[in-house]
Amino acid sequence: GCAGDPSTFTITVNPIPAATFINSGPVCEGGTISFTDQSTVSTGTINQWSWTLGGTAGTSTSQNPSSTYANPGAPVVVLHITTAEGCSYSITQVITVNANPVADAGDNMEICVGGNTTLTASGGGNYLWNPGALNTAAINVSPVSTQVYTVTVTNSNGCFASDFATVNVNP
């Protein structure tokens, strides 16, 4: 060693932050997912968030962003956090965007007063007709005047779509 001036060095080791988040998914196409940052660091503070979200938001620097997803699939979401001390960490999650069914209420129909016809829907697992509140794919109807029938089709993921058919009543 050298005589005279002993030097003292302080070394600070900053902890690596733990990046994590939760989301409100899955959603049906056209739905919005909210993201909640739950990242932690044992000392220091997180002061930067950088999200790759896809959907309408694309990217965000907000701590708790949201994004709307128009197309079904499994988009990848990335959260990158940085602390005031310069440490950073990233986490990736795959989210689920389920497809909506393609509802079809069938063809428009023509009947005479006092007649009836059957409307047959397709496109999903569960059907609900209005008016009528019937939960079947096919319904037999006999309106007294021209009537629009709407069917809501729900698939196994809980996603839904609607379509309508008109029954014209002729004299």
Side-chain angles (χ1 to χ4, degrees), residues 7-106 119-139 148-166:
S7 297
T8 304
F9 295 96
T10 302
I11 299 174
T12 302
V13 178
N14 292 310
I16 296 174
T20 185
F21 65 92
I22 58 173
N23 67 76
S24 62
V27 294
C28 299
E29 62 184 294
T32 299
I33 296 180
S34 298
F35 299 90
T36 304
D37 170 53
Q38 293 190 325
S39 302
T40 58
V41 62
S42 58
T43 59
T45 58
I46 299 168
N47 67 348
Q48 290 180 348
W49 295 266
S50 176
W51 295 84
T52 303
L53 298 167
T56 57
T59 61
S60 176
T61 56
S62 175
Q63 183 178 3
N64 298 308
S66 63
S67 190
T68 301
Y69 297 88
N71 300 310
V76 174
V77 173
V78 178
L79 167 61
H80 182 83
I81 59 171
T82 305
T83 66
E85 296 75 27
C87 298
S88 63
Y89 194 79
S90 296
I91 187 170
T92 301
Q93 284 184 14
V94 176
I95 58 173
T96 301
V97 181
N98 293 311
N100 291 330
V102 178
D104 185 355
L119 299 175
T120 304
S122 62
N126 295 311
Y127 302 90
L128 177 61
W129 287 94
N130 186 24
L134 296 172
N135 292 315
T136 61
I139 62 170
V148 176
Y149 292 88
T150 302
V151 66
T152 301
V153 178
T154 305
N155 65 19
S156 61
N157 293 318
C159 301
F160 62 91
S162 296
D163 190 33
F164 64 91
T166 302

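On a predicted model such as this, the values are computed, not experimentally measured, just so you know.
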Q) Looking just at side-chain N and O atoms, do N47 and T45 make a donor-acceptor pair shorter than 3.5 Å? A) no
Q: Would you please name every residue forming a side-chain contact (heavy atoms from CB on, under 4.5 Å) with A18, sequence neighbours left out?
A: T40
(Q) Which heavy atom of A103 sits nearest to which heavy atom of A161, and what is that distance? (A) CB-O, 3.6 Å
Side chains of residues 148-155: which donor-acceptor pairs under 3.5 Å do they make with residues two or more places apart or in other chains?
from : atom 1 : to   : atom 2 : distance (Å)
T152 : OG1    : S162 : OG     : 3.0
N155 : OD1    : N157 : N      : 3.0
N155 : OD1    : G158 : N      : 3.3
N155 : OD1    : C159 : N      : 3.0
N155 : ND2    : A99  : O      : 2.9

Side chains of residues 67-79: which donor-acceptor pairs under 3.5 Å do they make with residues two or more places apart or in other chains?
from : atom 1 : to  : atom 2 : distance (Å)
S67  : OG     : G54 : O      : 2.9
S67  : OG     : T56 : N      : 3.3
S67  : OG     : A57 : N      : 3.0
T68  : OG1    : T32 : OG1    : 2.6
Y69  : OH     : L53 : O      : 2.7

Q: Kindly say whether Q48 contributes a backbone atom to a donor-acceptor pair with the side chain of T82 at under 3.5 angstrom?
A: no
Q: Go through the steps to decide whether W49 and I81 satisfy the test side-chain contact (heavy atoms from CB on, under 4.5 Å), and finish with yes or no.
A: CA-CA 5 Å; W49 295 266; I81 59 171; 3.7 Å; yes
Identify each donor-acceptor pair in which a side-chain atom of residues 87-98 lies under 3.5 Å from a protein atom, sequence neighbours left out, and give them as a table.
from : atom 1 : to  : atom 2 : distance (Å)
S90  : OG     : H80 : ND1    : 2.4
Q93  : OE1    : N23 : ND2    : 3.1
Q93  : NE2    : F21 : O      : 2.8

Q | With sequence neighbours excluded, residues passing side-chain contact (heavy atoms from CB on, under 4.5 Å) with T59 | A | none
Q | Rounded distance [0.5 Å steps], CD in Q63 versus OG1 in T36 | A | 9.0 Å
Using a 3.5 Å cut-off and no angle test, enumerate the donor-acceptor pairs between side-chain atoms of residues 121-134 and protein atoms at least two apart in sequence or in another chain.
from : atom 1 : to   : atom 2 : distance (Å)
Y127 : OH     : G123 : N      : 3.4
Y127 : OH     : G124 : N      : 3.3
Y127 : OH     : G124 : O      : 2.9
W129 : NE1    : T136 : O      : 2.9

**Q.** Minimum-distance pair of heavy atoms, taken over all atoms of S39 and I46
**A.** CB-CD1, 3.6 Å
